[in-house]
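Working notes, structure below.
Fair warning: this is a prediction, and the values are worked out from it, not measured in the lab. When a ligand or atom number is given, it counts from 1 through the structure's own listing order.
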Amino acid sequence: MSKKLFIETLGCAMNVRDSEHMIAELNAHEGYELTDDAASADLILINTCSVREKPVHKLFSELGVFNKLKKPSAKIGVCGCTASHLGKEIIKRAPYVNFVLGARNVSKIADVLHRDKAVEIEIDYDESQFAFKDFRSSPYKAYINISIGCDKQCTFCIVPKTRGDEISIPPDLIVAEARKAVENGAREVFLLGQNVNHYGRRLPNEKINFTELLRRVSAVEGLERIRFTSPHPLHMDDEFIEEFARNPKICKSMHMPLQSGSSEILKAMKRGYTKEWFLNRARKLREMVPDVSISTDIIVAFPGESDADFEETMDVLNQVRFEQLFSFKYSPRPLTEAEKMEEVDSEVGSMRLSRLQARHDEILDEMKATNLGKVVEVYFEELRDDGHVAGRSDNNLGIKVKGSEEWLGKIARVKITEVSRTVQYGEIIA
Ligand code: SAH
Ligand code: F3S
């Protein structure tokens with residue numbers, strides 16, 4: 001009987017891809033097969049996120065639960081950003097954990113497995129050219145890492161401390177991954193990095209930027225769509241926006257993480273741009289790509305954020321009218337500059353977050369009606385239990401139609417017949 005692996009993945013798309021890499025390595029070298037039943041697993045992995053405080057707290061209670069329900073012989077490993085950040089502290093607090101593997105060390109998974117109490121969290125470790133074995137949760141959803149780590153020092157963010165300095169994966173390897181994804185049935189690839197439009201850092205033999213990388217990936221035959229996340233507003237120069245607008249394979253959906261609409265707060269966050277620059281870039285995008293969808297991340301109640309600063313954020317929300325909003329109340333993180341700054345009253349933060357989200361809901365309600373009756377091209381990537389297949393339009397509308405797996409991996413024209421804030425229903429038209 002094969003050994004069973006249970007893996008829980010928290011956090012961002014990069015963690016999803018890291019989990020796929022670990023599953024592939026464990027399968028190829030150790031014969032593990034996936035299970036969704038932790039109680040019958042021989043190995044339980046938690047791939048953690050540390051970007052906000054809550055999931056870190058949750059980790060230890062979750063570990064306790066796994067320890068109780070697991071088979072006596074089963075091992076538990078903690079991976080990802082909290083592993084990088086807390087290291088051996090995790091084994092101190094939960095002595096039954098067998099190993100700790102940092103976000104920058106996932107290629108060592110098959111090795112740490114055999115070293116009880118191993119803690120591999122080296123922040124300078126370079127796995128940018130590691131030839132991972134193949135595994136994808138779905139052949140139709142092809143995440144491809146283009147860089148590792150982040151060179152920015154946003155004062156609220158722990159990521160540079162858990163994923164280390166930014167290194168780019170060589171373009172040839174990225175193109176080869178895209179080719180392989182297409183051969184295995186994908187029509188779309190999703191390029192991943194903490195700061196994708198800063199691509200090119202620390203490449204040993206080549207000078208190439210993100211725009212050029214996009215051109216090379218889009219030359220892959222059979223590939224029809226490219227998505228990417230996350231770009232940084234500071235690096236959204238004209239060349240990048242023009243390539244985004246002009247290249248028909250690039251999906252017209254842009255993530256523009258604003259964080260704050262106040263130039264003062266942006267400075268304190270060390271984001272490197274002002275409110276005006278952000279608005280200027282969003283305006284250029286909307287002008288060049290009329291049906292673009294813009295998503296954003298916003299943090300409210302960063303230390304020092306006054307009512308007036310928050311109104312600046314509301315103002316950007318009202319001007320840009322983001323199609324999607326990911327919003328968070330500031331959460332102080334260890335190892336960051338902002339940790340030492342005086343916090344905004346928590347109640348005030350909660351109120352600001354509710355106001356922001358309520359206003360965004362209004363905007364979505366105003367915008368959603370315009371989607372009714374539209375015909376969009378949808379790439380189907382997921383089968384749902386309710387007799388629907390789900391996919392996304394080029395500009396990132398989540399769309400469901402009645403249908404079966406025959407649509408998976410295909411692109412079809414769909415007429416939207418029902419709309420809501422988060423999902424639209426439609427019918428496939430010939
Ligand atoms: N470069 C990545 C950032 C990863 S963190 C990206 O652009 O997606 C993802 C989001 O979490 C950030 O954009 C930010 O909005 C939020 N975040 C990061 N640190 C935070 C903190 N200390 N408190 C609250 N939200 C935070
Ligand atoms: Fe974090 Fe800023 Fe990098 S949000 S991941 S330090 S761009």
message: Just by distance, no angles: are the side chains of Asn396 and Ser293 close enough, under 3.5 Å, to form a donor-acceptor pair?
response: no
query: Can Ile299 be said to touch ligand 1, with heavy atoms closer than 4.0 Å?
result: yes
query: So is His255 polar-close to ligand 1, meaning N/O to N/O under 3.5 Å?
result: no
field: Under 3.5 Å: N/O of Arg333 near N/O of ligand 1
entry: no
task: For residues Phe66 and Ile46, determine if any side-chain heavy atom of one lies less than 4.5 Å from a side-chain heavy atom of the other.
output: yes
query: Taking only heavy atoms of Ser230, which atoms of ligand 1 are found under 4.0 Å from at least one of them?
result: 6 (C), 7 (O), 8 (O)
query: Are the side chains of Leu325 and Leu356 in touch, meaning some heavy atoms are under 4.5 Å apart?
result: yes
- prompt: Quick one: which ligand 1 atoms are inside 4.0 Å of a heavy atom on Val51?
  reply: 5 (S), 18 (C), 19 (N), 20 (C), 21 (C), 22 (N)
- request: Please work out whether any backbone atom (N, CA, C, O) or any side-chain heavy atom from C-beta onward of Arg52 is under 4.0 Å from ligand 1, and answer side chain, backbone, both or neither.
  value: side chain
- request: Record the part of Pro257 in heavy-atom contact with ligand 2 below 4.0 Å; permitted values are side chain, backbone, both and neither.
  value: neither
Sub-4.5 Å side-chain heavy-atom contact between Glu224 and Glu188: no
message: If you count every heavy atom of other residues, nucleotides or ligands that lies below 6.0 Å from Lys88 atom NZ, does the total exceed 12?
response: no
- request: Look at the N, O or S atoms of Cys150, main chain and side chain alike, and state whether any lies under 2.8 Å from atom 1 (Fe) of ligand 2.
  value: no
Value rounded to 0.5 Å, distance of CG in Leu10 from NZ in Lys58: 6.5 Å
message: Within the structure provided, determine whether Ile90 and Phe60 are in side-chain contact (heavy-atom separation under 4.5 Å).
response: yes
query: Salt-bridged, Arg163 to Asp18, with N to O below 4.0 Å?
result: yes
task: Examine the proximity of ligand 2 to Val159 and report which part, side chain or backbone, both or neither, has a heavy atom under 4.0 Å away.
output: side chain
message: List ligand 2 atoms under 4.0 Å from Pro160, heavy atoms only on the residue side.
response: 6 (S)
- request: Within a distance under 4.0 Å of any heavy atom of Gln259, pick out the atoms of ligand 1 and give their elements.
  value: 12 (C), 13 (O), 14 (C), 15 (O)
- prompt: Do you see a donor-acceptor pair shorter than 3.5 Å between the side chains of Ser137 and Glu20?
  reply: yes
- prompt: Going by distance alone, is a donor N or O of one side chain under 3.5 Å from an acceptor N or O of the other, for Asp361 and Gln357?
  reply: no
Per-atom contacts of ligand 1 with Pro257, taking only distances under 4.0 Å to non-hydrogen atoms: 7 (O)
query: Going by the atom numbers of ligand 2, which of them fall below 4.0 Å from some non-hydrogen atom of Phe156?
result: 4 (S)
- request: Among all protein heavy atoms, pick out the one at the shortest distance from atom 1 (N) of ligand 1; state its residue, atom name and that distance to 0.1 Å.
  value: Gln194 O, 2.6 Å
Element-labelled atoms of ligand 2 that are located less than 4.0 Å from some non-hydrogen atom of Cys154: 2 (Fe), 4 (S), 6 (S), 7 (S)
- request: Tell me yes or no: between the side chains of His255 and Asp297, is some donor less than 3.5 Å from an acceptor?
  value: yes
query: Without hydrogens or angle criteria, can the side chains of Ser346 and Lys329 be said to hold a donor-acceptor pair below 3.5 Å?
result: yes
message: Suppose I only count heavy atoms of Lys329 and a 4.0 Å limit; which atoms of ligand 1 are within that range?
response: 24 (C)
field: Those atoms of ligand 2 less than 4.0 Å from some heavy atom in Cys157
entry: 1 (Fe), 4 (S), 5 (S), 6 (S)
message: Within ligand 2, which atoms have a heavy atom of Lys152 less than 4.0 Å away?
response: 3 (Fe), 6 (S), 7 (S)
- prompt: Among Met269, Gln194, Lys161, which residue places a heavy atom closest to atom 5 (S) of ligand 2?
  reply: Gln194
field: Structural part of Phe156 in contact with ligand 1, heavy atom criterion under 4.0 angstrom
entry: both
query: Can you tell me the protein heavy atom closest to atom 21 (C) of ligand 1 and the distance?
result: Ser331 O, 3.5 Å
message: Under the side-chain contact (heavy atoms from CB on, under 4.5 Å) test against Asp165, which residue among Ile123, Ile148, Asp151, Asp126 passes?
response: Asp151
query: Does ligand 2 have an atom under 4.0 Å from some heavy atom of Arg271?
result: yes
- request: Answer yes or no for His232: is there an N/O/S atom below the 2.8 Å cut-off from atom 3 (Fe) of ligand 2?
  value: no
field: Aromatic ring pairing Phe156/Phe302, orientation class (parallel under 30°, perpendicular over 60°, tilted between)
entry: perpendicular
query: Taking both backbone and side-chain atoms of Asp297, is any N or O found less than 3.5 Å from an N or O belonging to ligand 1?
result: yes
